[in-house]
Amino acid sequence: MGKAVWSDKKRFIWILSVLLLTAFIFTSGISYKVAHDSLSEQISENTLPLTSDNIYSEIQQDLLQPIFISSLMAQDTFVRDWTINDEEDPQQLIRYLREIQNKYDTVTSFFVSEKSRKYYHSTGVLKKIEDTDPNDAWYFRVRSLPTSESYEVNIDLDTANRTRTVVYVNYKVHDFEGNFIGVTGVGLAVERVQKLIKLYQQRYNRRVYFVDTEGHVTLHGEQYSGSQTLQNSPGLEKYATRILTSPSASFSYVRDNKTVYLNSRMVSDFKWYLMVEQEEAEGEKKILNTFWVNIVLGLMVIVVILVIANLTLGRYQRKLEVMASTDKLTGATNRQMFEEYFSHSLQNAEISATPVSVILLDIDYFKSVNDNFGHSIGDLVIKTVANIIRRQLRSEDIVCRWGGEEFLLLLPNIDLSHAADMAERIRESIAERKISVNEHEIGITVSSGVAQYKLGEPRADLINRVDVALYQAKDRGRDQVVLSH
């Protein structure tokens, strides 16, 4: 199956390459003919859109590097191994972050551990992330991103220097089994984007600036002398709504008795609009120069698209494998994959005569949480319990979401006594955790049954014994552990 998938991937890349090259050659030929035959046409029909596209392409390429760096960090075996091994010797990670920052000339590099909530920076451990601190809301937002999204780009104050504004790329980090273990990434200074604006204005002789989704001018070059909002810009105020409700727009307006041609385009990674303006037509030489620049950039974009397509297909393939084996809500192993682990562990136990234990855990009074606070809070409770369980397990242990609010833990090479100790630690950790919802605190408790596999015992009998132990724990008042001997 792996060879078939690889063959399909290569076929798709080849087809995409042919289509892109064909489309590029075709459109380039048409663009050249149009440029040659329409030197006297208005800016709004040719030169300004081309210039805007070129600037947009360059911005996209400049954004691609920090995203790619963050992706490499998130996939780095050292980062994941160091985190899994209880974050021993923090100086190792700090040196790693410092090398990343120096090598790629970023203003910051960082890693936040899900287990310890420590914010590691290239200068040391800056703080511990708190779910009650508004400045740390970004971390929980990234952690809660859908499975289909691995990162976000946001603009915020630098955690290490609150006087500096930074463009952050925050990338989720997973261990080798697909479990979320933290967030890593790098940051670019906003000043670098301002330097790009200056470069574009010098290169294309256009006025370039950015506005946010509310119409405020966020970044501009030294030559900018207009209003700080689109709504207050003379001649442009009547087009503000059109600009802010469309991914791209092109039109002209009158400013200081001059016709100004404007092209706007949403830069999705920034969530800002790129604004490019020009007051008068360019001559034939500049049109042809723009055309050839577009040719070169087009070829570069094709290469970048092919690289991204190849990376995306590989990432999508890995996501499919994770989706097929894990529970979407908690990231725990699903029942189908758990059955394979279960059978394998029992076979090893039979061969080597080593112990295998299981814990069946159920959240107490879970229905009342859904009834009183809603299913979204119920999902949060389930995810919280799953995260607490994972922190208590060894790397070889398996946690499965067995039912709506039930978890089944498979513990190879652990006898009944040690499994009972682990179940008790999990119970205590969960009981200590409180979830704040609308000024209310939700206390969570769990009931657990524990059983050890008896050689030759049918698998269904083992599950039945631990299930009986679980219901005994509930009958005895809940929030306790009962053993099945």
Side-chain angles (χ1 to χ4, degrees), residues 84 86 115 175-179 325-327 330-364 366 382 384-433 444-485:
I84 293 170
D86 296 325
K115 183 175 182 180
D175 64 18
F176 302 99
E177 297 178 0
N179 300 313
S325 61
T326 59
D327 172 61
T330 64
T333 303
N334 60 27
R335 291 190 66 160
Q336 180 179 354
M337 182 58 64
F338 182 81
E339 292 291 343
E340 296 184 16
Y341 289 129
F342 199 17
S343 297
H344 182 70
S345 293
L346 296 186
Q347 289 174 1
N348 285 343
E350 290 287 345
I351 295 173
S352 60
T354 55
V356 173
S357 296
V358 293
I359 301 173
L360 184 58
L361 178 151
D362 184 82
I363 302 174
D364 295 330
F366 180 74
I382 291 174
T384 300
V385 170
N387 289 334
I388 293 173
I389 291 173
R390 272 193 287 265
R391 292 173 194 153
Q392 298 293 335
L393 300 184
R394 305 166 303 163
S395 59
E396 62 266 35
D397 299 331
I398 304 296
V399 57
C400 166
R401 189 178 178 192
W402 193 247
E405 65 272 14
E406 285 187 336
F407 294 89
L408 183 60
L409 284 57
L410 176 64
L411 312 174
N413 299 314
I414 284 189
D415 59 22
L416 184 64
S417 175
H418 288 89
D421 292 339
M422 181 179 292
E424 184 63 26
R425 288 197 301 272
I426 292 173
R427 185 197 65 78
E428 291 176 352
S429 298
I430 293 173
E432 292 171 356
R433 179 63 186 270
I444 314 170
T445 63
V446 294
S447 301
S448 301
V450 185
Q452 179 178 335
Y453 172 64
K454 299 176 181 178
L455 295 181
E457 179 183 24
R459 183 170 53 185
D461 289 354
L462 175 59
I463 296 297
N464 183 64
R465 286 198 297 114
V466 76
D467 191 48
V468 170
L470 169 61
Y471 278 95
Q472 288 176 352
K474 288 182 173 293
D475 289 341
R476 296 177 185 178
R478 305 177 190 264
D479 189 21
Q480 57 185 279
V481 176
V482 172
L483 310 184
S484 174
H485 294 280

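Numbers here simply count residues along the sequence, with the first being 1.
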#### Entry: Full working for side-chain contact (heavy atoms from CB on, under 4.5 Å) between V399 and L393
CA-CA 8 Å; V399 57; L393 300 184; 3.9 Å; yes
### Message
As a quick check of understanding, evaluate side-chain contact (heavy atoms from CB on, under 4.5 Å) for V385 and I363, giving each step before the final call.
### Response
CA-CA 8 Å; V385 170; I363 302 174; 3.9 Å; yes
### Task
For side-chain contact (heavy atoms from CB on, under 4.5 Å), just list the numbers for Q452 and H485, CA-CA rounded to whole Å, side-chain angles, deciding distance to a tenth of an Å, and then say yes or no.
CA-CA 8 Å; Q452 179 178 335; H485 294 280; over 6 Å; no
### Task
Run the numbers on S429 and Q392 for side-chain contact (heavy atoms from CB on, under 4.5 Å), then give the verdict.
CA-CA 9 Å; S429 298; Q392 298 293 335; 3.2 Å; yes
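Classification of E424 and R427 as a salt-bridged pair holds, one side-chain N sitting under 4.0 Å from a carboxylate O. R390 and D397 are not joined by a salt bridge, as no carboxylate oxygen comes within less than 4.0 angstrom of a charged side-chain nitrogen.
For the residue pair D421 and H418, no side-chain donor N or O sits within less than 3.5 Å of a side-chain acceptor on the partner. Between the side chains of E350 and Y453, a donor-acceptor pair is found at a separation under 3.5 Å.
Closest heavy-atom contact between A469 and G449: CB-CA, 3.7 Å. Residue P412 comes nearest to V356 through the heavy atom pair CA-CG2, 4.4 Å, listed as atom of the first residue, atom of the second, then distance. Nearest heavy atoms, L462 versus A451: CD1-CB, 3.9 Å. The minimum heavy-atom distance linking E406 with L470 is given by the pair OE2-CD2, 3.7 Å.
Proximity of I389 to L361: side-chain heavy atoms (C-beta onward) are separated by under 4.5 Å at one or more points. Between I430 and T445, the closest side-chain pair of non-hydrogen atoms is not below 4.5 Å. Looking at R459 and S343, their side chains come closer than 4.5 Å, going by heavy atoms from C-beta outward. Under the 4.5 Å side-chain criterion, counting only non-hydrogen atoms from C-beta, L416 is in contact with V450. The closest side-chain heavy-atom distance from K474 to Q480 is not below 4.5 Å. Looking at T330 and I382, their side chains come closer than 4.5 Å, going by heavy atoms from C-beta outward. With contacts defined as side-chain heavy-atom distances shorter than 4.5 Å, the pair Y471/D362 does not qualify. W402 has its side chain within reach of I463: a pair of non-hydrogen atoms, C-beta onward, lies under 4.5 Å apart.
Rounding to the nearest 0.5 angstrom, the gap separating the CG atom in D327 from the CE atom in M337 is 13.0 Å. Separation of atoms CG (L410) and CZ (F338) is listed at 4.5 Å; rounding is to 0.5 Å. A distance of 7.0 Å separates CD1 in I414 from OG in S357, rounded to the nearest 0.5 Å. Taking OG1 of T333 as the reference point, atom CD1 of I398 lies at 5.0 Å (rounded to 0.5 Å). Note that CG of D467 and CD of Q472 are 10.5 Å apart. Values are rounded to the nearest 0.5 Å. To the nearest 0.5 Å, the span separating CD1 on I388 from CD1 on I444 amounts to 6.0 Å.
Using modelled atom types, no side-chain atom of R401 and backbone atom of T326 make a donor-acceptor pair closer than 3.5 Å. Panel note: side chain D364, backbone D479; a donor-acceptor pair is recorded below 3.5 Å.
Heavy-atom contacts from other residues, nucleotides or ligands closer than 6.0 Å to CZ of F366 number more than 12.
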